Every structure is written in structure tokens, then in C-alpha cells.
Amino acid sequence: MEETTTGPSMAKAYDPKATEERIYESWLEGGYFTPEIDRSRKPFVIMMPPPNVTGQLHMGHALTAALEDLMTRWHRMLGDPTLFLPGTDHAGIATQVVVERMLAADNMTRQDLGREAFTKTVWEWVDRYGSRIYEQLKRLGASCDWTRQGFTLDEGPSEAVRTTFVNLYKKGLIYRGERIVNWCPRCVTALSDLEVKHREEDAGLYHIRYRIEGGDGELIIATTRPETLLADTAVAINPDDDRYAAFAGKNAILPLLGRVIPVVTDEAVDPEFGTGALKVTPGHDPADFEIGERHNLPIINILNPDGTMNENAAHYEGVDRLEVRTKIVEELDREGLLVKIEPYRHSVGHCDRCDQIVEPIVSKQWYMSMEGLAKPAIEAVESGRIKVVPERFTKVYYNWMYNIRDWCISRQLWWGHRIPAWYCQDCDAVVVDLDDPTSCDQCGSSNLERDPDVLDTWFSSALWPHSTLGWPNQTEDLDYFYPGSVLETGHDILFFWVARMIMTGIENVGDIPFETIYLHGMVLDPTGIKMSKVKGNVLDPLELVDIYGADALRFALTTGNSPGNDMRLNESKMEASRNFANKIWNASRFVMANIERSEGSANWSWPPTPEHLEDRWIVARLQTTVSNVDRYMKEYQFGEAQREVHDFLWGEYCDWYLEMSKIRMRAGDDSPLPILAYVLEQTLRLLHPFMPFITEDIWGKLIKTLPAGYDAPSALIVASYPVADTSLADPQAESDIGAVIEMVRAIRNLRAEFRIEANRNVEAIVDAPDIEKVIESESAAIVALAQVDPLIMASGSSSSGAGSGDSVSLVLSRGTVTVPLEGVVDVDREKARLTEELEQIDSGAQRLSARLSKADFLSKAPPEVIEKERTRLSGLEDRRIRVAETLSRLGG
RNA sequence: GGGGGGUUAGCUCAGUUGGUUAGAGCGCCUGUCUUACACACAGGAGGUCAGAGGUUCGAGUCCUCUAUCCCCCACCA
């Protein structure tokens with residue numbers, strides 16, 4: 001029997017676990033995630049940044065998914081054909097490192113397995129874990145088109161990679177060159193500049209003696225990497241440095257090895273730094289490499305790929321370079337060649353993936369020439385064809401793009417897209433083609449060997465917006481869905497990914513890949529530190545989903561979210577979000593239980609016409625909310641849009657309208673019910689992009705209770721998003737109910753202040769001539785909500801009650817309410833309170849009248865502002881009179 | 001060395017064409033298990049919007065400087 005009052009299938013608290021999976025299944029069954037190509041409509045397209053194929057969902061993914069799904073669902077409800085395309089990245093180094101680690105547990109290396117067996121092992125790994133991240137995205141409610149999911153190593157994207165490589169090679173924009181690169185000795189591969197993270201570290205600045213050949217003097221050089229002296233091929237000084245001018249053109253003798261090396265002069269040497277003399281190591285320092293080129297210096301490489309010294313390092317062969325540093329310093333010291341070691345803090349490059357210190361080495365790698373590609377990509381943003389949200393990141397983008405350097409795209413890995421270049425073993429030809437060549441196109445030899453390297457994993461990511469749609473083939477998808485709408489991602493991969501997509505998109509397809517770039521901030525832990533596995537401060541999104549529900553996690557991630565701004569996530573935000581979900585649940589339970597209790601909805605007209613003042617009020621408030629949400633959504637201010645819905649639902653619908661409706665229904669008037677249902681129905685639509693599961697679940701229950709003529713989809717996900725109806729705006733109702741609310745609050749305030757027992761009603765005398773009718777028509781609400789009994793209108797009574805000292809009056813913006821409280825009012829205290837209020841009114845009025853008497857203000861401020869201020873002032877003056885009257889009645 | 005961002009209530013943060021007395025959540029204080037919800041309800045305290053100048057009739061919001069924290073980029077050994 002209790003069930004009839006609480007709804008048959010609704011528990012007292014919302015249970016996400018019992019709901020989410022079932023709802024997601026229903027969406028999949030409905031096929032709502034797959035758009036229908038409709039040439040008459042512009043589609044809304046988001047490509048999800050592909051997570052690592054063997055990865056696990058972390059908070060960054062959760063934020064990405066929440067924001068992207070929010071936009072996707074909103075556009076779907078706006079009626080746009082909507083594509084949210086999911087996919088995964090083979091993540092070259094990252095994945096290879098994981099599998100290598102697994103092998104290491106069995107004391108195996110990838111070399112033990114060999115290339116073929118190793119890649120097979122990685123593929124097994126991918127087969128095993130490749131769908132895990134998809135399952136996790138589904139748990140968050142991401143409404144991705146799973147029929148179009150992609151993987152960077154799939155046939156299509158691979159064809160795109162090869163086509164791009166071949167095209168750019170033939171245009172001369174991809175080339176092979178021997179130059180200095182960042183080398184990770186742990187990953188045993190070259191890295192791009194972006195994959196090197198610089199970090200300040202305390203180290204030493206070693207001052208070493210280099211004797212001049214012929215015994216006439218010495219040069220003392222300062223270095224942070226003394227071990228590289230083994231590869232020195234010169235010493236350099238600034239041409240204008242008088243101190244060392246005598247040494248220019250002479251030879252120095254390399255310490256320990258005794259090699260004779262020239263002393264060269266070069267502008268790059270800063271006389272202010274260290275001693276002003278520089279050891280030149282073209283093989284292991286980028287700046288030195290350039291000096292070497294200018295002076296034709298030989299290049300010596302002293303490192304093996306794994307970071308140990310090679311045969312060029314004499315007696316240090318086989319020893320790791322960091323160990324050599326210690327040893328060589330000892331040796332120099334023994335030989336009297338070490339002058340001193342200064343403590344020195346400088347930035348050291350580390351591998352982005354494994355954090356090992358990277359070493360610059362000279363090696364032959366493949367490069368992509370960037371300047372020409374960057375130009376149209378810069379133009380696309382400058383012209384506004386691509387919009388960046390927030391706008392400030394355009395500056396960061398330009399800075400990088402204008403100073404862009406060629407991109408090292410080859411990696412000495414096995415996991416990835418193998419470079420489609422063959423080297424003829426009988427001549428020096430390089431064959432690059434779409435199809436695997438069988439013979440050399442120069443000499444005809446069939447003795448070809450393929451380049452062993454693979455491409456940087458970001459090469460395939462860069463093609464993502466078009467490779468997933470079928471490019472290089474002219475597919476219907478490519479034609480319809482390209483360019484995409486929004487590229488949403490973290491600002492940390494603006495260069496790695498976003499900039500490169502723009503460049504390759506324009507190059508390959510001839511058009512920008514997306515119209516808007518939305519960059520979100522980082523998710524920080526409760527103390528403001530970026531979450532990272534290494535630091536162990538990660539909150540696991542899936543664990544939070546288990547505890548609070550997916551809706552609560554998504555809602556928490558978009559609470560107060562502002563584009564580009566980092567945000568901290570903590571449990572209290574999760575709780576607040578869960579509580580909000582529960583609030584909706586219970587309000588819905590109330591509405592549905594009452595529909596069931598009454599005769600049902602068969603006789604309702606739909607949508608209902610609000611007639612009662614309260615109904616007109618909540619419907620008008622709904623319109624305001626709808627139009628605010630619409631504005632915020634269009635401006636990508638999702639945090640604000642969400643707050644708008646939250647505040648309306650909790651602060652107006654639940655706190656006031658629902659409470660007011662109870663009073664009418666208790667009196668046997670069920671006319672609020674259609675309005676309750678209607679506003680709830682609209683609010684569920686508004687809220688759906690932010691909390692998809694619970695809104696869909698309630699929707700399914702609610703629409704069953706609506707009248708037969710009700711016409712809307714059975715699934716909220718494809719219902720239309722509310723549009724503000726200006727004919728329902730009602731400033732009068734907003735103002736009138738606003739006055740009623742103010743009055744109820746005033747009386748509650750007095751009750752609390754004077755500790756009136758909960759069950760004791762008070763008498764209230766209302767003096768508000770201009771809204772007397774409103775108060776009378778709302779008397780039932782005031783009586784019930786403020787526990788007033790009786791409610792006396794001052795004009796209709798002798799106002800005798802208001803004359804006694806044992807009463808307290810509150811002056812409101814549109815009237816006065818007086819509550820006689822015999823025996824509880826401290827007259828002196830009350831007088832003090834009123835006096836204080838009078839002072840506040842006076843100071844406010846003074847400020848206002850000062851402003852209003854200024855000629856400048858009157859002549860320069862817009863008329864509506866002046867009018868507003870005038871109204872305010874007259875309001876204050878009214879109040880002042882009423883407060884003063886009350887005070888004088890108390891004998892003050 | 002360059003660039004960007006932050007500094008608003010005890011805490012975490014909103015506040016986007018400059019315009020009433022600057023908001024929310026959490027926390028705190030006082031009441032209440034009032035038949036939707038104690039994951040709740042009612043009431044309350046709490047802010048010279050980092051500091052100093054400036055522009056303006058009017059500044060949390062625009063400009064300059066200062067302090068402080070964070071992030072990014074950069075081949076100075």
C-alpha cells in the first residue's frame with residue numbers, strides 16, 4: 001500500500017548500478033549512436049582522441065568523454081545527424097614498452113624473439129586488451145558510433161599512412177637526413193623534439209684544462225657533460241674575445257686521449273658563460289653540431305644505441321655514459337686536468353615515455369619538412385576558419401607554428417607502421433612506393449631491403465580525422481562528415497596532435513579537419529597536482545563510477561568547468577553530484593506517485609496551459625532557464641549551462657514549485673500535476689547531455705504516465721532539446737511569486753530568529769497594498785510554507801496587532817509583514833535591529849542619490865541603467881518610511 | 001630567455017560585450033526524521049574580489065606596475 005504513494009518501481013534512492021547497463025543496452029538496441037546521412041542537414045562530428053589501445057581509462061579520458069558526449073548528445077537532440085567516432089591508437093613506444101616489460105619478467109628481450117614473433121606477441125596483447133577501453137567508455141555512457149570505430153593500424157588508416165608518406169616523399173617534403181637527434185638509450189630509438197621533456201636538475205659545471213699544442217698555454221673549458229670530451233673535435237672561442245685571441249688557429253690537445261684538435265672561432269660562443277671557451281662535440285650536442293658544420297669538423301660518435309660507450313671511447317668502451325662521467329672526472333683529477341667543479345642547475349632532457357635521460361647523437365633518420373605545411377595551417381586559424389576555445393591558445397599555437405622545425409618521424413621500433421622505403425643493395429637507390437617494389441627502379445636489381453624503422457605513432461594520429469572516414473578513398477563518409485565540427489582534447493597535446501592534424505588535413509584532403517578546437521584543462525588531484533601513475537595520486541574513474549554512478553562522475557567533471565582551465569576533482573564534488581541525481585530521482589518519484597494517485601493523465605491537454613499564478617511562474621522560469629542554457633551551450637560554457645539547470649531544478653522546481661503544488665493538491669486540487677509533469681519532462685531533456693543515464697531512466701517511466709495524445713520519442717536520447725517559448729514568458733508572474741517567496745522567507749526568518757516551535761503557527765499581518773490580491777490568492781501557500789495562521793491583510797483588519805510592542809515587523813521590497821510575538825520579543829533588541837536596518841537603507845539611498853545627482857552619470861550612462869537606479873532609490877525610500885513607522889510604533 | 005594562466009567566503013571554484021547589495025558546492029553554527037528526498041528541509045554567520053596606480057558616470061571584469069604560485073616553449077656549453 002505504501003507503494004501507491006511512492007511509485008511502484010522506484011526505490012527511495014537512485015541506484016545507478018541497477019540502471020546504467022540496462023539503459024546503455026537500450027541505446028545500443030535503438031541504434032541511436034549511428035547517424036543517418038542526410039544531405040539536407042549539416043552533421044555534427046566529433047572524432048574522439050584515440051586512447052592507447054592497451055590502455056586503461058583514466059581521469060583525462062573520462063573528462064574527454066564527458067565533454068564530447070555532452071556536445072554529441074546536445075546536437076543529437078537538436079536534430080543534427082551526429083557522429084561521435086571512437087577509436088584507439090597503437091601507441092608505438094608506449095605499447096612496445098609494456099610488452100617488453102612483460103617479456104623482461106621472463107628474462108626475455110624483443111631481440112630474443114625476433115621482429116616477427118615480437119609483433120605477433122604485441123598483436124595478441126592488442127587482441128586481448130584492445131576492447132577494454134571501449135567497454136570502459138561505454139560505462140561512462142559515451143554515445144559513440146561503434147560501427148565506425150577505428151584503430152590506427154587497421155587497413156584503412158594504414159593505407160592513409162602509406163599514401164601520405166609516398167605523396168610527401170615524392171613532393172620532397174619527406175626526406176632522409178643525417179643530423180643530430182634526441183636518442184633514448186632505454187627505448188633505443190630516435191625521438192622527436194616534442195617527445196623530450198626538459199627538467200631542471202642540479203648538476204656540476206666541470207672546468208677542464210685543454211693544453212695548447214706546442215706548450216704555450218692552455219684553455220679552460222666548462223662543461224656539464226665531461227664524458228663527451230672523448231668525442232671532441234675542436235675547441236671554440238668567440239672571435240671578439242681578446243683573452244683568447246692568441247689561441248685562434250692553433251691546436252689544442254684533447255685531455256686523456258691526446259688527440260690534436262683545432263681552436264676555432266665562432267659567434268655562437270658566449271664569452272660570458274663559464275670560461276668563455278667551449279669544447280666542441282659535433283657528434284653529441286646540437287649546438288656543437290652546427291659549429292662543426294660551419295668549420296667542417298669531423299663527427300665522432302662515442303655511444304652505442306643503448307647508451308654505453310663504443311670503440312671510439314678507448315678504455316671506456318662498454319661502460320654506460322653516466323658511469324663514464326664519474327670515472328672520467330676522477331681520471332682528469334688524477335692527471336691534474338680538472339680545475340674545479342661548480343654546482344650548476346640546468347635543464348636536462350628526458351624521454352617522455354620512460355623518463356630516461358636522452359642523448360643527442362648523430363644519426364640518419366627520416367624527417368618531415370614542416371614549414372610549408374605549417375603555412376596554410378596558420379592561415380586557417382588566423383582567418384578564423386578554425387576557431388580555438390579558449391581563444392588564448394591561438395597564441396601558443398602561432399608561437400609553435402611560426403617556429404616549427406622539421407619533424408623526425410622514424411623510430412627504431414618494431415611496433416607501428418613500417419616505413420615504405422626500400423634500399424637497393426646493388427646501387428644507392430631508394431624506392432618509395434604505394435605497392436611493395438620487387439625491383440630497383442634505377443638498376444633493376446631485385447636485391448632490395450626494406451627500411452627496418454617504423455613511423456612515429458603521431459604520424460598516423462595526425463591523419464585521424466580523414467583516415468577514419470576512408471581517405472585516400474573518396475567515400476561517402478569522407479564527403480559528408482569531413483570536415484568535422486569540434487576537436488575536443490587536452491591542451492597538452494595541442495602540438496603533438498592538433499596542429500599536425502590541421503597540417504595533414506589541409507595537405508591531404510584540401511580542407512581543414514574541424515571547425516572548432518575546444519581545449520580542456522588537466523584534471524588535478526585534490527591538492528592541485530596533476531594526476532599521474534608515477535605519483536600515485538590518481539583517482540580511478542571506474543571506481544568512482546562504481547561508488548557514485550557514471551552520471552555523478554560526468555556531472556562532477558563538468559561542474560564549474562571552464563574551457564582551458566585545470567580543475568581539481570575530489571570526493572565532495574562526487575557526493576554533491578550524486579546527491580543532485582538523487583534529488584531528481586525523488587522529485588520524479590513524487591510527481592509520478594501523484595499522477596498515479598489522482599485519476600491519471602487521460603484528461604490532460606498537452607502541453608498543459610499554465611493558468612494558476614504558480615504554474616505561470618514555474619513555466620516562465622523554465623523558459624528563462626532554457627534560453628540561458630541555450631546561450632551557454634552555444635558559447636561552450638558547459639559548466640555554466642549545467643549550473644543553470646541544476647539551480648532551476650533544485651532551487652526553483654523542487655524548493656518552491658513542488659512545495660506549493662503540495663498545498664493545492666492537499667486541498668484536493670490536482671491541477672498542478674500536468675504542470676509538474678510538463679516542467680519535469682522539459683528539465684529531463686535539458687539535463688540529458690549532462691546526466692544521460694538517470695534522465696533516460698526516468699523518462700522511460702514518466703512518459704508512460706503522460707496522456708495518450710502525448711507525442712515524443714520513447715527514448716530521451718533522441719527527443720528534441722527544449723527551445724525557449726517567448727509566449728510563455730511572464731514577468732508579472734515572476735515578480736508576483738517572487739514577492740510571495742520573499743514574504744515566506746521573511747516569516748520563516750522570524751520564526752527561526754525567535755525560536756518559534758516547529759508545530760506552533762504564528763499570526764502574520766501583511767501590509768502590501770499593491771500586491772494585496774497576489775497575497776490573498778497565495779494565502780494558502782504562505783500559510784502552509786511559513787506556518788502562518790491566520791494571515792491578516794492590514795487593510796482588511798484594524799491593524800491593531802501591529803501596534804503593540806510585542807510584535808516584529810519586516811519590511812520587504814513590496815510591503816511589510818508583521819508578526820505579533822507576545823512574550824518573545826525583546827523590544828530593545830528589536831529597536832536596535834530596526835535602527836541598524838534604517839542606517840543601511842540610509843547609506844544605500846545616499847550612495848544612490850549621489851550617483852543620480854551627478855551630471856556625468858545622467859548624461860553618459862545608458863537610460864535603462866539610470867531608470868533602474870531611480871527605481872531602486874524610490875524602493876529604498878519606501879522602505880525607509882515603513883521601517884521608520886515601525887520603529888516609531890515601538891517607541892524608538 | 002620568451003609566452004600563457006592563477007590569486008574572489010574556512011576549502012574547492014563560477015562569475016565571457018564593465019551596470020542593483022559579488023554567487024555555488026562543501027565545511028561551520030541553529031533548528032527539523034514536515035507522508036519525494038536526512039544523498040534531505042528551514043534559517044544563519046562568513047568576502048576592503050593578492051597589492052598599488054590608471055581609464056570610466058560606474059571596475060572582480062579593461063590598462064600599467066608589483067608580489068606570489070602554476071604551466072608551456074626555447075640548442076647557451
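Note that the structure is a prediction, hence the values are computed from the model and not measured. Lettering follows sequence order; numbering is per chain, from 1.
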S.K.: With rounding to whole Å, what would you report as the distance between B:C28 and B:C11 at their P atoms?
M.R.: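 Between the two P atoms, the distance is 15 Å.
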S.K.: C1' atom, B:C33 versus B:C41: distance in rounded Å?
M.R.: 10 Å
S.K.: Between B:A24 and B:U17, how far is it from one C1' atom to the other, in whole Å?
M.R.: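 Taking atom C1' in both B:A24 and B:U17, they lie 24 Å apart.
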S.K.: Determine the Euclidean distance between corresponding P atoms of B:A77 and B:G4; express it in Å to zero decimal places.
M.R.: 24 Å
S.K.: Rounding to an integer number of Å, can you tell me how far A:Arg405 CZ sits from B:C73 C1'?
M.R.: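 Taking atom C1' of B:C73 as the reference, CZ of A:Arg405 is at 11 Å.
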S.K.: Confirm from the modelled atom types if A:Lys583 and B:A40 form a donor-acceptor pair under 3.5 Å, side chain to base only.
M.R.: no
S.K.: Using 30° and 60° as the class limits, which term best fits the ring planes of A:Phe638 and A:Tyr636: parallel, tilted or perpendicular?
M.R.: perpendicular
S.K.: Looking at B:G43, B:C73, B:A40, which one has an atom nearest to any side-chain atom of A:Ala752?
M.R.: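 Comparing B:G43, B:C73, B:A40 against the side chain of A:Ala752, the answer is B:G43.
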S.K.: For a quick check, with a 4.0 angstrom heavy-atom cut-off, what is the B/S/- contact string for nucleotides 14-24 of chain B, read 5' to 3'?
M.R.: SSB--BBS---
S.K.: Under 4.0 Å from OP1 or OP2 of B:G3: is there any side-chain N or O of A:Tyr398 that close?
M.R.: no
S.K.: Return the value, rounded to whole Å, for the distance between atom CZ of A:Arg760 and atom P of B:U32.
M.R.: 16 Å
S.K.: Does A:Asn749 put a side-chain nitrogen or oxygen below 4.0 Å from OP1 or OP2 of B:G44?
M.R.: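 So the side-chain polar atoms of A:Asn749 do come within 4.0 Å of the phosphate oxygens OP1 or OP2 of B:G44, strictly under.
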S.K.: Under 4.0 Å between a side-chain N/O of A:Trp650 and OP1 or OP2 of B:C41, yes or no?
M.R.: yes
S.K.: Looking for any heavy atom pair under 4.0 Å, which part of the strands does A:Lys12 touch: base, sugar-phosphate only, or nothing?
M.R.: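 Sugar-phosphate contact only - A:Lys12 comes under 4.0 Å of backbone atoms but never of a base.
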S.K.: Is B:A40 paired to anything, Watson-Crick or G-U wobble with both distances less than 3.5 Å, and if yes, which nucleotide?
M.R.: B:U32
S.K.: Reckon A:Arg745 touches a base, only the sugar-phosphate, or nothing at all at heavy-atom distances under 4.0 Å?
M.R.: sugar-phosphate
S.K.: Between B:U12, B:G25, B:A77, which nucleotide gets closest to the side-chain atoms of A:Asn570?
M.R.: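 Nucleotide nearest to A:Asn570's side chain: B:U12.
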S.K.: For A:Leu229 and A:Thr223: C-alpha separation, side-chain torsions, deciding distance, then whether side chain to side chain contact (heavy atoms under 4.5 Å, CB included) applies.
M.R.: CA-CA 9 Å; A:Leu229 76 79; A:Thr223 180; over 6 Å; no
S.K.: Could you go step by step and tell me if A:Arg643 and A:Glu640 meet the salt bridge (charged side-chain N to carboxylate O under 4.0 Å, His left out) rule?
M.R.: CA-CA 5 Å; A:Arg643 187 189 48 74; A:Glu640 286 294 288; 3.0 Å; yes
S.K.: Using atom CH2 of A:Trp183 as one end and atom C1' of B:C75 as the other, report the distance to the nearest whole Å.
M.R.: 20 Å
S.K.: Have a look at A:Asp270 and say if it touches a base, only the backbone sugar-phosphate, or nothing, with a 4.0 Å heavy-atom cut-off.
M.R.: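 The residue A:Asp270 makes base contact.
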S.K.: Could you please name the partner base of B:A22, counting Watson-Crick and G-U wobble pairs only when both distances are under 3.5 Å?
M.R.: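 Matched B:A22 with nothing under the 3.5 Å cut-off.
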S.K.: With both distances under 3.5 angstrom, what nucleotide forms a Watson-Crick or G-U wobble pair with B:G1?
M.R.: B:C73
S.K.: Just call it for A:Arg755: base, sugar-phosphate, or nothing, with non-hydrogen atoms closer than 4.0 Å on any strand.
M.R.: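 Sugar-phosphate contact only.
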S.K.: I need the CZ-C1' distance between A:Phe273 and B:G1, as an integer number of Å.
M.R.: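 For the pair A:Phe273 CZ and B:G1 C1', the rounded distance is 14 Å.
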S.K.: Determine the contact category for A:Val591: base if any of its heavy atoms lies under 4.0 Å from a base atom, sugar-phosphate if only primed atoms, P, OP1 or OP2 are that close, otherwise nothing.
M.R.: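 No contact.
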S.K.: Over how many whole Å does the gap from A:Glu571 atom CD to B:G27 atom P extend?
M.R.: 13 Å
S.K.: Name the closest nucleotide to the A:Lys573 side chain, picking from B:U12, B:A42, B:C73.
M.R.: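 Closest nucleotide among those given: B:U12.
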S.K.: Indicate whether any N or O donor in one side chain lies under 3.5 Å from an N or O acceptor in the other, for A:Gln642 and A:Thr559.
M.R.: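 Judged by distance alone, the side chains do pair up.
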S.K.: For B:U56 and B:G51, measure between their P atoms and round to the nearest Å.
M.R.: 23 Å
S.K.: Mind calculating the distance between CG (A:Asp285) and P (B:C75) to the nearest angstrom?
M.R.: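 It is 11 Å, rounded to the nearest whole Å.
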S.K.: For the pair A:Asn570 (side chain) and A:Ser572 (backbone), establish whether a donor and an acceptor sit closer than 3.5 Å, ignoring hydrogens and angles.
M.R.: yes
S.K.: For nucleotides B:C71 and B:U64, find the distance between their C1' atoms and express it as a whole number of Å.
M.R.: 24 Å
S.K.: Assign A:Phe495 to base, sugar-phosphate, or nothing according to its heavy-atom contacts below 4.0 angstrom with the strands shown.
M.R.: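 A:Phe495: backbone/sugar contact only, no base atoms under 4.0 Å.
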S.K.: I'd like to know if the side chain of A:Thr19 pairs up with that of A:Lys17 as donor and acceptor (distance under 3.5 Å, no hydrogens or angles considered).
M.R.: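 Result is no, nothing qualifies.
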S.K.: Assign each of A:Pro271 and A:Arg392 to its nearest nucleotide of RNA chain B by heavy atoms, then name whichever residue's nucleotide is nearer the 5' end.
M.R.: A:Arg392
S.K.: Answer with base, sugar-phosphate or nothing: what part of the nucleic acid does A:Glu659 contact at a heavy-atom distance below 4.0 Å?
M.R.: base
S.K.: Measuring only the C1' atom in each nucleotide, how far is B:G54 from B:U61? A whole number of Å is fine.
M.R.: 15 Å
S.K.: Taking atom CH2 of A:Trp585 and atom NZ of A:Lys701, what is their separation to the nearest 0.5 Å?
M.R.: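 The distance works out to 4.5 Å.
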S.K.: How many Å lie between CZ on A:Arg199 and P on B:C71, as a whole number?
M.R.: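 That distance rounds to 12 Å.
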S.K.: In Å and rounded to the nearest 0.5 Å, what is the OH to CG distance from A:Tyr210 to A:Leu219?
M.R.: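 Rounded to the nearest 0.5 Å, the OH-CG separation comes to 10.0 Å.
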S.K.: Would you mind telling me which of B:G4, B:A77, B:A36 lies closest to the side-chain atoms of A:Leu658?
M.R.: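 Nearest listed nucleotide: B:A36.
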S.K.: Which listed nucleotide (B:C39, B:A36, B:C13) is nearest to the side chain of A:Arg568?
M.R.: B:C13
S.K.: Which nucleotide, if any, forms a Watson-Crick or G-U wobble pair with B:A67, using both distances under 3.5 Å?
M.R.: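 By the stated definition (distances under 3.5 Å), B:U7 pairs with B:A67.
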S.K.: With a cut-off of less than 4.0 Å, is there a side-chain N or O of A:Lys662 near OP1 or OP2 of B:U35?
M.R.: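 No, outside the criterion.
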S.K.: Just to be sure I understand the rule, does A:Lys279 reach a base, reach only the sugar-phosphate, or reach nothing, if contact means heavy atoms closer than 4.0 Å?
M.R.: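 No contact at all - A:Lys279 keeps every heavy atom at 4.0 Å or more from the nucleic acid.
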S.K.: Would you kindly say whether A:Asn238 and A:Tyr244 are connected by a side-chain donor-acceptor distance under 3.5 Å?
M.R.: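 Their side chains do not contain a donor-acceptor pair, so the 3.5 Å distance test is not met.
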S.K.: For the side chain of A:Ser572, counting heavy atoms from C-beta on, which of B:G4, B:C26, B:A36 is nearest?
M.R.: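 Among the listed nucleotides, the one closest to the side chain of A:Ser572 is B:C26.
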S.K.: Touch check for A:Phe638, heavy atoms < 4.0 angstrom, all strands: base, sugar-phosphate only, or nothing?
M.R.: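 Since no nucleic acid heavy atom lies under 4.0 Å of A:Phe638, the category is nothing.
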S.K.: Does NZ or CZ of A:Lys583 come closer than 6.0 Å to the centre of the six-membered ring of A:Tyr14, within 45° of the ring's axis?
M.R.: no
S.K.: Please measure how far the P atom in B:G46 lies from the corresponding atom in B:A9, and state the result in whole Å.
M.R.: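 Result for the P pair: 14 Å, nearest Å.
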S.K.: Over how many whole Å does the gap from A:Arg578 atom CZ to B:G25 atom P extend?
M.R.: 16 Å
S.K.: State which residue, out of A:Trp407, A:Trp400, A:Tyr398, A:Phe393, fulfils the ring pair (Phe, Tyr, Trp, His ring centres under 6.0 Å) condition with A:Phe495.
M.R.: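 Result: among A:Trp407, A:Trp400, A:Tyr398, A:Phe393, A:Trp400 is the only option passing the ring pair (Phe, Tyr, Trp, His ring centres under 6.0 Å) with A:Phe495.
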S.K.: Using a heavy-atom cut-off of 4.0 Å across all strands, would you classify A:Ala287 as base, sugar-phosphate, or nothing?
M.R.: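 Base contact - A:Ala287 has a heavy atom under 4.0 Å of at least one base atom.
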S.K.: Is it the case that the side chain of A:Arg321 and the backbone of A:Glu359 share a donor-acceptor pair, with hydrogens and angles ignored and the cut-off at 3.5 Å?
M.R.: no
S.K.: Considering heavy-atom distances to RNA chain B, does A:Ala222 or A:His198 have its closest nucleotide positioned more toward the 5' end?
M.R.: A:His198
S.K.: Would you indicate, yes or no, if B:G3 has its OP1 or OP2 atom less than 4.0 angstrom from a side-chain nitrogen or oxygen of A:Lys395?
M.R.: no
S.K.: The side chain of A:Arg589 lies closest to which of these nucleotides: B:A77, B:C37, B:G44?
M.R.: B:C37
